[in-house]
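See structure below.
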Amino acid sequence: MNPGKNMDFPKWVLLILVFTSFCWVPISSNLQNPIDLGKDYLSYAKRTELVEWMVGIRRRLHENPELGYEEFETSKLIREELDKMGIPYKHPIAVTGIVGSIGTGRPPFVAIRADMDALPIQEEVEWEHKSKVPGKMHACGHDTHVAMLLGAAKILQDHRDDLQGTVLLVFQPAEEGGGGAKVMIEAGVLENVGAIFGLHITSSSQVGTVTSRPGPIMAGSGFFEAVISGKGGHAAIPQHTIDPILAASNVIVSLQHLVSREADPLDSQVVTVAKFQGGGAFNVIPDSVTIAGTFRAFSKESMEKLKQRIKEVITGQAAVQRCNATVNFSVENKMFFPATINNEELHEHFLKVAGDMLGIRNVRDRQPLMGSEDFSFFSELIPGYYYFLGMSEESVGELGSPHTSTFSVNEDALPYGAALHASLAARYLSEVLPNKSLHAPKVNAHDEL
């Protein structure tokens, strides 16, 4: 054994340690493999304590549903949970809305949104947490949307030092026809925000899958109401009357030709008359008839053309039958919604984030829906992306259709929505903004948050 070599060994070790101490770079999620980051978020969201917490919030909300602009207790619950997490927020916005802030508090900003309102429906699903409010029910899953956004808040708050900007948590009132998104925009929620993401649960795909598409994902919608006036009289002497029921019947038939004969078959459109009121006796022709309905399409141009032609058809056909007609598109409590359009670049971002987290085979294309969403007000102003989160599972059986009294939810979907919310926002700040031109106009920077 050579004593000299034995003495030299520790010196080599020391030299190596000194060298590496200057070269070592600390590992953070900013440098982490994005695939691992998304999976880490999902693993975090699936922790028993976090899942039980989200489920508990969802059930409390489900028991106490509140309609649009009446979400006072819902808003209070959200604020209490944000306070516990140490997340600053601004309230009230649009009566009951809240915007929380996680990260640096400075630009760039990205937003993730959940709607809060319930529907005027009597729940018929018998379970431990059935709605306690007669005639009101979370029949569209907004209780789960709130729970998942709070879950995302917890994930992001625990990783806030890694955020390369600020994530805004948008808790929005009155999606169900009240246009809460529009009112929040008017309050400045989108100022200096680069992009916004939203989701909706669906039973049309399995738990652990998501569906969406670039471009139009949900239709724009408008409403109309028309009063067709004639001259009433006895049904036995119709020659002495001007029959508004006959006129209205011709109007309805002619309105159906707008889609079948005038619209491009590749440009999906709908015109539906769903209300017909007139007369109260079997043998009396009334003085007037009221009809009302909805029209839907996937572009602003198609919506404007339908609106113009609906008015022309109603007034023209009424005149043919010697009647007068007035047409109103500003129907009480019925707001015009633009089409929901998914940004093309955000779609690529979504494919990467969801594919890394769930596996690309679980990220599927979805056909556009003729239903409408007031998320469209957000995506009309800044780059937006809206997707659907699967919750179907053979073991839970039928979940019922949205907006029905038998609608129910598979709570196993909650961690997936929370993790996707968090990952889409975090990776947007670190990956999309430095490389893409999706910046919003530079206005106020949400310093008040």
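Everything quoted here is computed from the prediction, not taken from an experiment.
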Would you say [X]'s side chain and [Y]'s backbone share a donor-acceptor pair under 3.5 angstrom?
X	Y	result
Ser212	Tyr386	yes
His403	Cys140	no
Thr166	Gly105	yes
Ser408	Leu399	yes
Thr104	Arg106	yes
Thr404	Ser401	yes
Ser423	Leu420	no
Asn192	Pro107	no

Less than 4.0 Å between a side-chain N and a carboxylate O, is that true for [Y] and [X]?
X	Y	answer
Glu81	Lys84	yes
Lys305	Glu262	no
Asp356	Arg427	yes

Centre-to-centre under 6.0 Å for [X] and [Y], is that the case here?
X	Y	result
Phe223	Phe295	no
Phe407	His138	no
His421	Phe197	no

Do the side-chain N and O atoms of [X] and [Y] include a donor-acceptor pair separated by under 3.5 angstrom?
X	Y	answer
His91	Arg79	yes
Ser302	Ser299	yes
Asn342	His347	no
Asn64	Glu66	no
Ser131	Glu123	no
Ser372	Ser221	yes
Glu312	Gln308	yes
Asp115	Gln172	no
Ser205	Arg366	no

Ring geometry between His200 and His142 (parallel below 30°, tilted from 30 to 60°, perpendicular above 60°): perpendicular
Take the angle between the ring planes of His349 and Tyr428 and call it parallel below 30°, perpendicular above 60°, tilted in between. perpendicular
Within 6.0 angstrom of [X] [atom1], more than 12 heavy atoms from elsewhere:
X	atom1	answer
Glu80	CD	yes
Lys300	NZ	no
Gln367	CD	no
Lys136	NZ	yes

Looking at Asp161, Ile155, Leu163, which hits side-chain contact (heavy atoms from CB on, under 4.5 Å) with His159? Ile155
Where is the tightest heavy-atom contact between Ser101 and Ile87, given as atom of each residue plus distance? O-CG2, 3.5 Å
Side chain to side chain donor-acceptor pair (under 3.5 Å) evaluation trace for Tyr69 with Asp117: CA-CA 8 Å; Tyr69 299 119; Asp117 54 328; over 6 Å; no
Test Val313 against Leu258 for side chain to side chain contact (heavy atoms under 4.5 Å, CB included), laying out the working first. CA-CA 9 Å; Val313 167; Leu258 296 182; 3.8 Å; yes
Given Phe388 and Leu199, is the side chain to side chain contact (heavy atoms under 4.5 Å, CB included) satisfied, shown in steps? CA-CA 5 Å; Phe388 291 84; Leu199 65 77; over 6 Å; no
Applying side chain to side chain contact (heavy atoms under 4.5 Å, CB included) to Tyr387 and Arg213, what does each step give before you reach the verdict? CA-CA 8 Å; Tyr387 62 99; Arg213 70 186 304 274; over 6 Å; no
